[in-house]
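Computed from a predicted model, the values in this text were never measured in an experiment.
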Amino acid sequence: MLQHHIRVATDARRVTSRRDFLRTIGAGAAAGGTLSLTDRLCLAAPELRRRGKACILLWMAGGPSQFETFSPKPGHSNGGETKAISTKVPGIQVSANLPELAGVMDELAIIRSMTSKEGSHPRASFYMHHGYLPMGGVKFPTLGSNVAHQIGDAANELPSYVRIGDRSQNAGNGGFLGVDYDPLVLSNPTKPPENAKPYSSKDRYQRRLALLSGFERDFGAVQGADVVADHKKLVAAASEMILSPKMEAFDIEREPQSVRDAYGEGQFAAGCLLARRLIEAGVTFIEVGLGGWDTHQDNFAKVAENCGKIDRPAAALIRDLKSRGMLDDTLVIWTGEFGRTPKINPRGGRDHYPRAFNSMLAGGGVRGGQVIGQTDAAGADVTERPVGVKDLFQTVYTSLGIDPSIENQSLIGRPIKLVDEGSPVTELL
């Protein structure tokens, strides 16, 4: 494989970064006319960056009920008290909890046939963030890290991967790709990253960096160069970021009041607006989280409350991206780790149910205005077009112009594909 030969060659010359690799061999390899699909996609990465391919994951931690969101079952006892409403697309209905998203249904593709076997929060969350189940000895990179690794802009002063809002179990990090691809985590989207402003002049700050470099050198001689190398990377990246004028992207108060009003109130709304600003500033992957979907009791009131937090901001995000000409190159994913049981339990709740649940995609070349798959009348089983987690990952990578079969190497040299099974949902693309 070309990639293998190049990796060997560049390692020998101590030119090991992906950017150096592409710069060094790109023109010559392309001229050879012997590239595989994987190689062509790798070489296309700069073009994808130039085009601003990006992804926003709206992560619903806890497992939202499919019945109260995108797969209502009015008229069936399992549907409970949830009403369905018509959307902008004739023939497609969603829960009455989502009137704003119903208004942009022509941009949305709902998958009502998501299916998995993972019903525990930690394993299911890991699976939906990585495309793999936890495996001892292998530190899998999370989806955002892989996307940042493949098409993130290494020249951008801002990180390629930002995670905003409620924390999720097992959401992951850069894994064996290293700290370069860990997310920058923001718990509060209305405030800039903590410690993101130098407390002294630029010159004085840089003198302090030089002093720190000396400490690191001495420490590394005792404790190990690898520890110091990771620390130096983090300090360098953080320094580049906080000295950059692009840091203004983190300040959503710079937006006109009319735009902020369109997104609505609350932390999730602020996170969605910040996500759009960061995409404009060149960030490649952003996760905006909202917890509270684990509705074992009082399901209907709790889901309605959560839908009230996400409906307007998510719809505004899609409209905003569309109006700025950014939606075609920005894939928006709405999902949680699994769904909820069709039967309503004695506490008025729904329990964990991975067998049949829903996800939603928009933008990024995904054809909106459609529903993929369906369940039976009771909502218990997928009866048409089952979509597994690996199928979803195949679809996401393909939508972003990334070959899902690309192999990275784990820390012990084991080749790991971005996705090892499944196939893209071609109806979506």
Taking the side chain as everything from C-beta on, heavy atoms only, tell me whether Thr69 gets closer than 4.5 Å to Trp334. yes

For Arg319 and Glu107, what are the C-alpha separation, side-chain angles and deciding distance, and is it a side chain to side chain contact (heavy atoms under 4.5 Å, CB included)? CA-CA 9 Å; Arg319 292 192 185 100; Glu107 304 291 351; over 6 Å; no

Taking the side chain from Asn306 and the backbone from Gly292, do they hold a donor-acceptor pair closer than 3.5 Å? yes

Can you find a pair of side-chain heavy atoms, one from Ile344 and one from Asn299, that are under 4.5 Å apart? no

Go through it in stages, so that I can follow the logic: the residues are Arg276 and Val259, the test is side chain to side chain contact (heavy atoms under 4.5 Å, CB included), and I'd like the CA-CA distance, side-chain angles, deciding distance and then a yes or no. CA-CA 11 Å; Arg276 192 271 289 160; Val259 174; 3.8 Å; yes

Test side chain to side chain contact (heavy atoms under 4.5 Å, CB included) on Glu118 and Val389; report intermediate values, then the result. CA-CA 10 Å; Glu118 301 304 324; Val389 174; over 6 Å; no

Tell me whether His129 contacts the main-chain N or O of Thr142 through its side chain, where contact means a donor paired with an acceptor under 3.5 Å. no

For the NZ atom of Lys302 and the NE2 atom of His296, what is their distance to the nearest 0.5 Å? 9.5 Å

Any donor-acceptor pair under 3.5 Å from Asn170 side chain to Ser125 backbone: no

Using a 3.5 Å distance criterion without hydrogens, assess whether the side chain of Gln297 forms a donor-acceptor pair with backbone atoms of Gly349. no

For the atom pair OG (Ser405) and CG (Asp420), what is the distance rounded to the nearest 0.5 Å? 11.5 Å

Backbone of Ile111 reached by a side-chain donor or acceptor of Ser359 within 3.5 Å: no

Taking the side chain from Ser410 and the backbone from Val138, do they hold a donor-acceptor pair closer than 3.5 Å? no

For Glu384, is the CD atom crowded, meaning more than 12 foreign heavy atoms sit under 6.0 Å from it? yes

Does atom NZ of Lys390 have more than 12 heavy-atom neighbours, drawn from other residues, nucleotides or ligands, at distances under 6.0 Å? yes

Side-chain touch Trp59/Thr335, heavy atoms, less than 4.5 angstrom: yes

Taken to the nearest 0.5 Å, the spacing of Arg367 CZ from Thr426 OG1 works out to 8.5 Å

Exercise answer: donor-acceptor pairs, residues 130-137 side-chain atoms, under 3.5 Å, sequence neighbours excluded:
unit_1	atom_1	unit_2	atom_2	d
His130	ND1	Phe126	O	2.8
Tyr132	OH	Lys417	O	2.6

Nearest-0.5 Å distance that lies between atom CD1 in Ile164 and atom CZ in Phe250: 8.0 Å

Does a side-chain N-to-carboxylate-O contact under 4.0 Å join Arg260 and Glu255? no

Any side-chain heavy-atom pair of Leu143 and Tyr397 under 4.5 Å: yes

For Glu407 versus Pro415, what's the shortest heavy-atom pair and its separation? OE1-CB, 3.5 Å

Side chain proximity check, His76 to Asp376, heavy atoms < 4.5 angstrom: no

Any side-chain heavy atom of Leu108 within less than 4.5 Å of one from Ile318? yes

Suppose we call two aromatic rings close when their centres sit under 6.0 Å apart. Are Phe285 and Tyr161 close by that rule? yes

Looking only at heavy atoms, the pair that brings Pro159 and Val162 closest together is CG-CG2, 4.0 Å

Just verifying a value: how many Å separate Ile310 CD1 and Asn97 CG, rounded to the nearest 0.5 Å? 9.0 Å

Is any NZ, NE, NH1 or NH2 atom of the basic residue among Glu287 and Arg163 found under 4.0 Å from an Asp or Glu carboxylate oxygen of the other? yes

With sequence neighbours excluded, what pairs up with Asn156 under the side chain to side chain contact (heavy atoms under 4.5 Å, CB included) test? Asp153, Leu158, Lys246

Please give me the minimum heavy-atom distance between Ile92 and Gly369, naming the atom from each residue. CD1-O, 3.7 Å

Can you confirm whether Phe176 sits close enough to Ile416 that some side-chain heavy atom of one is under 4.5 Å from a side-chain heavy atom of the other? yes

Nearest heavy-atom neighbours spanning Gly152 and Thr284: CA-OG1, 3.3 Å

For Thr375, run the side chain to side chain contact (heavy atoms under 4.5 Å, CB included) check against Lys73, Gln66, Arg355 and tell me which one passes. Lys73

Answer yes or no: is there a donor N or O on one side and an acceptor on the other, between the side chain of Thr341 and the main chain of Tyr353, under 3.5 Å? no

Shortest non-hydrogen contact from Val288 to Gly271? CG2-O, 3.7 Å

Could you go through Lys343 and Asn78, starting from their C-alpha distance and side-chain angles, then the distance that decides it, and tell me whether this counts as side chain to side chain contact (heavy atoms under 4.5 Å, CB included)? CA-CA 6 Å; Lys343 293 288 186 181; Asn78 288 350; 3.8 Å; yes

Verify, without hydrogens or angle tests, whether Asp311 (side chain) and Leu101 (backbone) share a donor-acceptor contact under 3.5 angstrom. yes

Of all heavy-atom pairs between Asp166 and Gly291, which one has the smallest distance, and what is that distance? OD2-N, 2.6 Å

Any Arg385 side-chain heavy atom under 4.5 Å of Val425 side chain: yes

So that I can tick it off, tell me whether Glu68 and Arg350 are bridged by a salt bridge, with the cut-off set at under 4.0 angstrom between side-chain N and carboxylate O. yes

When you measure from the side chain of Thr395 to the backbone N and O of Asp391, does any donor-acceptor pair fall under 3.5 Å? yes

Main-chain N/O of Glu157 paired to Ser244 side chain as donor or acceptor, under 3.5 Å: no

My understanding is that only one of Asn345, Asp294, Asp351 makes a side-chain hydrogen bond (donor to acceptor under 3.5 Å, both in side chains) with Arg340; could you say which? Asp294

Out of curiosity, Asn358 CG to Arg112 CZ, how far, rounded to the nearest 0.5 Å? 7.5 Å

